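Here is the structure we will look at.
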Protein chains: 2
Amino acid sequence: MEGRIDRIKKQLHASSYKLTPQREATVRVLLEHEQDHLSAEDVYLLVKDKAPEIGLATVYRTLELLTELKVVDKINFGDGVSRYDLRKEGAAHFHHHLVCMECGAVDEIQEDLLEEVETVVEKRWNFLVKDHRLTFHGICWRCSDNRAEESIDHKGNSKDS
Amino acid sequence: MEGRIDRIKKQLHASSYKLTPQREATVRVLLEHEQDHLSAEDVYLLVKDKAPEIGLATVYRTLELLTELKVVDKINFGDGVSRYDLRKEGAAHFHHHLVCMECGAVDEIQEDLLEEVETVVEKRWNFLVKDHRLTFHGICWRCSDNRAEESIDHKGNSKDS
DNA sequence: TTTAATGCAAAGTTTTTGCAGAGAG
DNA sequence: CTCTCTGCAAAAACTTTGCATTAAA
C-alpha cells in the first residue's frame, strides 16, 4: 500500500500538485475501502478519524483532483450522490458494476468485457471510444440463493440449520 | 403519436394513475424530443409553453411516475443533473449512449450490443441481469471529421469552400 | 519565501416535501 | 363525491466558491 501511495504522490508531483496530509489521508481511506463505493460524505467521515480537522470542501477538492488524475472514477448509481471508485493501477478503462436491485450490493467486474463491443461501436458508429461506464441492474447471487432457500422452506424441505 | 399517448394512458390506468393535462403535456414534450436527453428543468421549460401554470414539482413527480412505469429511463451523464430518456416501446432494455468528450453531443444506440456479455455475467457471476446502463465516452464522428479537415487545412490542402 | 492548499461558512444547484385547494373519474 | 393530483413555497440534500490563514517544497 505504501508503494501505491508513493506512485500516487509521483503522479501528483508530475502535475505539480502536493501530497498534503489531508490528501494522503483521503487516499488512504480510498485504498482501505477499495471494494466500497463511497460518497464524498462517506469519505469525509472516514477521513475525519485520521485527520479530525479536515473539511468537507477539501475532500471534495481532493476527490476532484484524483478524478482528474484518473486515480479514481466518479460514478453515479442513481441515488442522488456521486461515488468515487479507485481505478485499478494501470487499468485503461473503468471497471464494470453489478447493482443488486434487492439488497443494494454493488459488486465489481474487473475484466474488460467490452472489447468486441467497442470494436463494433468504433467501426459502425465511427466513434472513438476513450472510456466507458457499464452497470448491470439485477439480482445478485446472494439474493438468488436466499430466494431458493426460502422456496425450499415453504415446501417443508429445509436443510438442517 | 396519439396512439403512443393512448397506450401510455392505458399503462397509467392499469396502475390506477390518471392522465392529467399536466402529465399529458409532459409526455408530449418527451415524445417531441425523443432524441434529446432533457433534464427535469428542460422538460419544465418546454412544458410551460403548452401549460404555463405547471409547477416544477409536478414535472418531477410526473417524471418519477413515468420512470416507475418504465416509460422513461432516468440517466446521469456526470454533470450534476438527472436526464430522462424515453424508452422505445416494447424495448426490454435501456438503449446505449455515446457521449462526445469534445462537443458534448449524446447519440443513441438502439441495438442491443450486450446479449453475449450478459450471458457471461449471468453464468460467471451468477447475476440475474434485469437491465443495464452502458455509456461510451469518446470522440464522435462529427468531431473526428472536423479534426481531419483542420489537419488538411494546415497543410494548405483545404477543399474548395 | 512563495505559491498552492486548507477550513470555514456562505452560496449555489438540484430535488423533495407539506399542505391547502383544485379537479379527474 | 371522493380521493388523487397540483402549485406554491419552504426545506432538504449535495456540491461549489470566496476568502483569510496555513503550510508544503
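Order of the sequence lines sets the chain letters (A, B, ...), proteins ahead of strands, with each chain counted from 1. Just so it is clear, the model here is predicted, and its values are computed rather than measured.
Across all strands shown, A/E41 has no heavy atoms under 4.0 Å from either base or sugar-phosphate atoms. Residue contacts for A/S82: at a heavy-atom cut-off of 4.0 Å it reaches the sugar-phosphate backbone alone, with no base atom in range.
If you check C/dT6, C/dT15, C/dC19 against the side chain of B/L56, the one that comes closest is C/dT15. Listed nucleotides C/dT15, C/dG25, D/dA9 differ in distance to B/H13; the shortest reach to its side chain belongs to C/dG25. Which of C/dT14, D/dG7, D/dG18 sits closest to the side chain of B/V81 comes down to C/dT14. Here D/dC5 is the nucleotide among D/dC5, C/dT15, C/dT6 with the atom lying nearest to any side-chain atom of B/K18. Across C/dA5, C/dT16, D/dT6, the shortest atom-to-atom separation from the side chain of B/T20 is found for D/dT6.
The shortest side-chain heavy-atom distance between B/E32 and B/K50 falls under the 4.5 Å cut-off. Side-chain contact check for B/R83 versus B/D42: some heavy-atom pair is nearer than 4.5 Å. B/Y84 has its side chain out of reach of B/H37: every pair of non-hydrogen atoms, C-beta onward, lies at least 4.5 Å apart.
Listed pair A/R23 / C/dT6 meets the phosphate criterion, a side-chain N or O lying under 4.0 Å from OP1 or OP2. When the side-chain nitrogen and oxygen atoms of B/Y60 are compared with OP1 and OP2 of C/dT15, one or more of them lie within a distance under 4.0 Å. Within the structure, a side-chain polar atom (N or O) of A/Q22 is placed less than 4.0 Å from OP1 or OP2 of C/dG7.
Following rounding to the nearest Å, B/Y17 (OH) and C/dG25 (P) show an atom-to-atom distance of 15 Å. The nearest whole Å value for the distance from the CG atom in A/L38 to the C1' atom in D/dT15 is 17 Å.
For A/E116, the CD atom is loosely surrounded, since the number of other residues' heavy atoms within 6.0 Å does not exceed 12.
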